[in-house]
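Structure, as structure tokens:
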Amino acid sequence: MMAFIRFIDRLSTAVGKAFAWLILALTLHICWEVLARYLFHRPSAWAFDMQVMYYGIMFMMAGAYTLAKNGHVRGDILYGFLRPRVQAGLDLILYLVFFVPGVTALVWAGWYYAGESIAIREHSSLMADGPPIYPFKIFIPLAGAFLLLQGSAEICRCLLCLRHGAWPRRADDVEEVDVDKLKQMVQAKDVAVPDQGYRS
């Protein structure tokens, strides 16, 4: 089971990191649009639509990666105090009752919308000759499929935690900076700032 989990984690990580490069494309596109508008006086009519599509694709395709790294927002005021087996039981119920049906519906509806969009060669309706958006809509079911695949790995994680009483270790990747851990690494201490006598 761990081999399956690791394979899905690696796949989600590779897809997430590949599509993260769209932030560079988005940044360059915005910079070019600013230059074209203010320096050359030749703005592009498609600029806004293309920026939304770049960001939308990046955001959707990062969903499975974020789930693989346990990075989605969680209301864990009480969750963090529970034992791992209880956490795994709750997660398993939530995955089976909400996640799997919800993401399956996303894939099904996304497939329908993408197919319809491709059939009519849909273009943006924000302007008379807007950019094609059917390539963008293809990413809706694709992102949902990757998310569903990662969800299956998370369900396996829950089952392993229920069996062994501890969460399986996740692959190392980018981590948030823990200030206390960073202080220990550099052996720094908090320095009190002397009162300068300022009054409000």
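The first residue in the sequence is number 1, and the count goes up from there. Computation of the quantities below employed the complete heavy-atom set of this structure, encompassing side-chain atoms and omitting hydrogens, waters and symmetry-equivalent molecules.
Around atom CZ of Arg83, no more than 12 heavy atoms belonging to other residues, nucleotides or ligands sit under 6.0 Å away. Atom CZ of Phe7 is surrounded by 12 or fewer heavy atoms from other residues, nucleotides or ligands within 6.0 Å.
The aromatic rings of His123 and Tyr134 sit perpendicular, their planes meeting at an angle over 60°, well past the 30° parallel limit. Aromatic ring pairs are classed by plane angle as parallel below 30°, tilted from 30° to 60° and perpendicular above 60°; the pair Tyr95 and Phe99 is perpendicular.
Residues Ile155 and Ile93 fall into different hydrophobic clusters, defined by Ile, Leu, Val, Met, Phe, Trp and Tyr side chains chained together at heavy-atom separations under 4.5 Å. A continuous path of Ile, Leu, Val, Met, Phe, Trp and Tyr side chains, each step under 4.5 Å between heavy atoms, connects Leu39 with Trp32, placing both in one hydrophobic cluster. Hydrophobic cluster membership differs between Met58 and Ile138, with clusters built from Ile, Leu, Val, Met, Phe, Trp and Tyr side chains linked at under 4.5 angstrom. Cluster annotation: Ile23 is connected to Met61 through the hydrophobic network of ILVMFWY side chains, with a link wherever side-chain heavy atoms come within less than 4.5 Å. Linking Ile, Leu, Val, Met, Phe, Trp and Tyr whenever their side-chain heavy atoms come within less than 4.5 Å leaves Trp111 and Ile57 in two separate clusters.
For the 3.5 Å distance criterion, the side chains of Ser12 and Lys69 fail to qualify, holding no donor opposite an acceptor.
Atom OG1 of Thr104 and atom CG of Leu148 lie 4.5 Å apart (nearest 0.5 Å). To the nearest 0.5 Å, atom CG of residue Asp91 and atom CG of residue Leu96 are 10.5 Å apart. Annotation: the span from Glu122 atom CD to Lys137 atom NZ amounts to 3.5 Å, rounded to 0.5 Å. Rounding to the nearest 0.5 Å gives a distance of 11.5 Å between CG of Leu147 and CG of Leu142.
No donor-acceptor pair under 3.5 Å is formed between the side chain of Arg121 and the backbone N or O of Pro132. Ser117 places no side-chain N or O within donor-acceptor distance of the main-chain N or O of Tyr113, the cut-off being under 3.5 Å. The backbone N or O of Arg163 sits less than 3.5 Å from a side-chain atom of Arg85, completing a donor-acceptor pair. Gln87 contributes a side-chain N or O that, together with a main-chain N or O of Tyr79, makes up a donor-acceptor pair within less than 3.5 Å.
Between Thr66 and Gln150, every side-chain heavy-atom pair lies at or beyond the 4.5 Å cut-off. Annotation: side chain of Phe136 is in contact with side chain of Met60 (closest heavy-atom distance under 4.5 Å). Put simply, the side chain of Met53 reaches to within 4.5 Å of the side chain of Pro131, judged on heavy atoms. At least one side-chain heavy atom of Trp167 sits under 4.5 Å from a side-chain heavy atom of Cys158. For the pair Glu33 and Ser44, the minimum side-chain heavy-atom distance is below 4.5 Å. Taking the side chain as every heavy atom from C-beta outward, Asp9 and Arg157 approach each other to under 4.5 Å.
Taking Asp49 as the reference, Ser124 meet the side-chain hydrogen bond (donor to acceptor under 3.5 Å, both in side chains) condition, with sequence neighbours excluded.
Among all heavy-atom pairs drawn from Pro168 and Met2, the shortest one is CB-SD, 3.8 Å. For the pair Val103 and Gly144, the tightest heavy-atom approach, listed with the atom from each and the gap, is CG1-O, 3.3 Å. Minimum heavy-atom separation, Gly130 to Trp46: C-NE1, 3.7 Å. Across every non-hydrogen atom of Gly110 and Ile140, the tightest pair is CA-CG2, 3.7 Å. Scanning all heavy atoms of the two residues, the minimum distance from Pro84 to Cys161 falls at O-SG, 3.4 Å.
Paired with Phe19 under the rule ring pair (Phe, Tyr, Trp, His ring centres under 6.0 Å), one option of Tyr55, Phe139, Phe59, Phe146 passes, and it is Phe139. Paired with Leu26 under the rule side chain to side chain contact (heavy atoms under 4.5 Å, CB included), one option of Ile30, Leu28, Leu24 passes, and it is Ile30.
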